[in-house]
Amino acid sequence: MSVTVWIILAAAVATYLTRVGGHLVLSRFDTVHPRVEAALNAVPAAVLTTLVAPSMLTAGPAEWAALIVAAIVALRGGLMSMFLAGTAVLIVLRQFAS
């Protein structure tokens, strides 16, 4: 097997063990402390920020336009419409503006 396949398999195992480990730890408690619950609820926003922030620092005009459109659509629409609008703007601007 190639090195890439081994890396993918190792990442899959690490992801699985992390998820199972978290479930096993939390299942030992009858109730979850409100602070722990608040921290767990903040994880998706933190992950999204770590994915978007680096791109914003190196973004060009097409990426900025897509981010702005996605932000505007997010105020009124749902998650799927935000992703579709941002992706459509990015594809169109990268295809025809460059």
Closest approach of Gly86 and Ala66, non-hydrogen atoms and distance? O-CB, 3.4 Å
Treating Ile, Leu, Val, Met, Phe, Trp and Tyr as nodes and any side-chain heavy-atom pair under 4.5 angstrom as an edge, say whether Leu75 and Ile68 lie in one connected cluster. no
I'd like to know if Val43 and Val32 are part of one continuous hydrophobic network [Ile/Leu/Val/Met/Phe/Trp/Tyr, side-chain heavy atoms within less than 4.5 Å]. no
Rounding to 0.5 Å, atoms CD1 (Ile7) and OG (Ser2) come to a distance of 8.5 Å
Identify the two heavy atoms, one from Met82 and one from Ala70, that lie closest to each other, and give their separation to 0.1 Å. CG-O, 3.2 Å
Please confirm whether the backbone N or O of Gly77 pairs with a side-chain atom of Ser81, one donor and one acceptor, at under 3.5 Å? no
Expected output: side-chain Gln95 to main-chain Val92 donor-acceptor under 3.5 Å: no
When you measure from the side chain of Thr87 to the backbone of Leu84, do you find a donor-acceptor pair of N or O atoms at a distance under 3.5 Å? no
Roughly how far, to the nearest 0.5 Å, is OG1 of Thr4 from CG of Leu9? 11.0 Å
Hey, could you give me the CD/CZ distance between Glu37 and Arg35, rounded to the nearest 0.5 Å? 13.5 Å
May I ask whether Leu24 and Val13 are part of the same hydrophobic cluster, defined by side-chain heavy atoms of I, L, V, M, F, W, Y residues being less than 4.5 angstrom apart, directly or through others? yes
Measuring only between side-chain heavy atoms, which start at C-beta, is Leu26 closer than 4.5 Å to Leu40? yes
Which atom pair, heavy atoms only, marks the closest approach of Leu93 to Ala65? CD1-CB, 3.4 Å
